Every structure is written in structure tokens, then in C-alpha cells.
Amino acid sequence: MRLLGLAVCALLALSACGGGRETSKSNSDVNGVRGFLKQAFSSGGGAPEGGGLCGDPTLVGEAIGSVAGSGVCGIENAVLLRSVDGVALSQPAKINCETARALKTWIQTGARPAVGKRGGGVAELKVAASYSCRTRNNQPGAKISEHGKGRAIDIAAVRLADGTELSVLQHWGGGKNGRALKKMHAAACGPFGTVLGPKSDRFHKDHFHFDTASYRSGSYCR
């Protein structure tokens, strides 16, 4: 409602600039109001009441609508996620809102607590993959991956504010960075339906795979 009120005020201001003695005003005033209106109505991400992407002001990116894919691939209401609760993504992630929200939960309950204030805290996630119409692990004859449904995101590393990078490939298995990564991996089990890491198989030695698939038995984590 607040956004609507601001928009109405902006419209009134815009109309006032168009006539009477105010016609001598520079076009920059008018363009500024028009720019505000464009931003106000384009940044909602399909959720006007909550604000921000997916109705959450801490999710930043764009709503891109339906993503068509061959066979069972595709996303009904896709978003292009750029940052989550102040944590940047190394590349935009094309996923659905459920997965975006799960990622936020993991950042708040897993990634941040695992490193605390070290290095200034978590600043960026290195995204290895998001939407891709392919089979699981790109294996012929395998089932379609959750990546093909916009329900999955792969994280290869976590970067801290001071530039320190916790790499799944390089640091998993020991030391301070390895212990932090193991805590992050464990904390993802719950927010996500599937959690895979270096101990799961050879396909995940260099990244975490998180997806929001639902299983009757609960989350599948390895």
C-alpha cells in the first residue's frame, strides 16, 4: 500500500510538470518521476504485498515468468536471483521461489553461523549451476535432474568479505575451512530436500548440490 501511495503521488507530480507555468522545468524532473514509477512497478518480482523478489525484500533479482523446456523441463514461475539477504551470487541463479527461500534459510542458519564474524562474514556464494535441462549428473538414461525444474542450485565455494574463499574442492576434509564447510553441508539438510557433497559420489567432489525435491522419508543428505 505504501508503494501504491508513493506511486500515486508521483503520478500527480508528473501531471503537474506537464502544464501551466511549470512547463519551463527541465525534462530531468519528469524523467526522474518516470524512472521512479518504472522501478516501483518492476522490482516487485511478482509479490507486491511483501516487496522484493518472491515477496521477500531480502531476495534481490528479477521475476522472469515461465521458462520453457523440452520434455519435463521448465519452470512455471522463474526468478533470476542475484543476491540473498545481503550475500551476492557470483552469477545469477535461475530457480523458483521455493528454492530461493530455502537458500536464504540456509545462509541464515548454516553458512553464516559456520564462519561467524571471521573475515567479515559471508559475502558471496560461488554458484556452479542453477537451471539446466539435463539428466542427473549428465548421465545417459538417468532421470531428469531437479536442475531441469528450477529446484536446484550448486555451490562451489563461499567467499568471505576479506576475500577468503572456502572451496568445496580444495578445503573439504580438514582444517578450519573444511570444518566450516561440513557445518554448512549439515545445516542444509532440512531447508533443502536433497543435499549432496564430496562424500556422496564422484560427481560432487567440487560442489554442494542443494534442491527442494520432496521425499516422504524426509530430506536426503549425503
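Remember, it's a predicted structure, so these values are computed and weren't measured experimentally.
With sequence neighbours excluded, the residues forming a side-chain contact (heavy atoms from CB on, under 4.5 Å) with R159 are A123, E124, listed by chain and number. Partners of S132 under the side chain to side chain donor-acceptor pair (under 3.5 Å) rule, at least two apart in sequence or in another chain, do not exist in this structure. Residues forming a side-chain contact (heavy atoms from CB on, under 4.5 Å) with P92 (at least two apart in sequence, or on another chain): L80, R82. Considering only residues two or more places apart in sequence or on other chains, Q170 meets the side chain to side chain donor-acceptor pair (under 3.5 Å) condition with none of them. Considering only residues two or more places apart in sequence or on other chains, H207 meets the ring-ring contact (aromatic ring centres under 6.0 Å, His included) condition with H204.
For residues 79-98, no residue pair satisfies the ring-ring contact (aromatic ring centres under 6.0 Å, His included) rule, not counting sequence neighbours. Each ring-ring contact (aromatic ring centres under 6.0 Å, His included) pair with one or both residues in residues 52-108, not counting sequence neighbours, appears once here: W106-F210. Within the structure, every pair that satisfies the side chain to side chain donor-acceptor pair (under 3.5 Å) test and touches residues 88-97, not counting sequence neighbours, is listed here: N96-T99. Screening residues 53-105 for ring-ring contact (aromatic ring centres under 6.0 Å, His included), with sequence neighbours left out, gives no hits.
Side-chain contacts under 4.5 Å among hydrophobic residues (ILVMFWY), followed directly or transitively, place I144 together with V72. Hydrophobic cluster of Y215: the remaining members, joined at side-chain heavy-atom separations below 4.5 Å, are L196, Y220, listed by chain and number.
Between the side chain of N137 and the backbone N or O of Q139 there is no donor-acceptor pair closer than 3.5 Å. In this structure a side-chain-to-backbone donor-acceptor pair under 3.5 Å is missing from S145 to T135.
Between P198 and V168 there is a side-chain heavy-atom pair separated by less than 4.5 Å. V158 is not listed as a side-chain neighbour of V115, based on a closest heavy-atom distance of 4.5 Å or more. Residues L125 and L103 meet the side-chain proximity criterion, which asks for heavy atoms closer than 4.5 Å. Inter-residue side-chain proximity for D154 and V127 is flagged as unmet; no heavy-atom pair is nearer than 4.5 Å.
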Output side-chain donor-acceptor pairs under 3.5 Å for residues 172-191, partner residues at least two apart or in another chain, one line each.
residue : atom : partner : partner atom : Å
N177    : OD1  : R118    : NH1          : 2.9
N177    : OD1  : R118    : NH2          : 2.5
H185    : NE2  : R222    : O            : 2.9

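Atoms OG1 and CD1, from T212 and I153 in turn, are 11.0 Å apart once rounded to the nearest 0.5 Å. Atoms CZ and SG, on R134 and C73 in that order, are 10.0 Å from each other to the nearest 0.5 Å. In this structure, H209 NE2 and E146 CD are separated by 7.0 Å, a value rounded to the nearest 0.5 Å. We find the CD-OG1 distance between Q108 and T58 to be 6.5 Å, quoted to the nearest 0.5 Å. Residue K117 holds its NZ atom at 14.5 Å from CG of L160, rounded to the nearest 0.5 Å. Note that OG1 of T194 and CZ of R136 are 7.5 Å apart. Values are rounded to the nearest 0.5 Å.
Hydrophobic clustering (ILVMFWY, side-chain heavy atoms < 4.5 Å, transitive): F208 and I107 are in one cluster. V60 and V79 are members of different hydrophobic clusters when ILVMFWY side chains are connected at heavy-atom separations under 4.5 Å. Linking ILVMFWY residues whenever their side-chain heavy atoms come closer than 4.5 Å, directly or via other members, leaves L89 and Y131 in distinct clusters.
Of all the heavy atoms in I95 and A152, the pair that sits closest is CG2-O, 3.5 Å.
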Practice task
I would like to know whether D56 and K104 meet side chain to side chain contact (heavy atoms under 4.5 Å, CB included); could you show each step before the answer?
Solution key: CA-CA 10 Å; D56 187 332; K104 175 186 173 179; 2.8 Å; yes
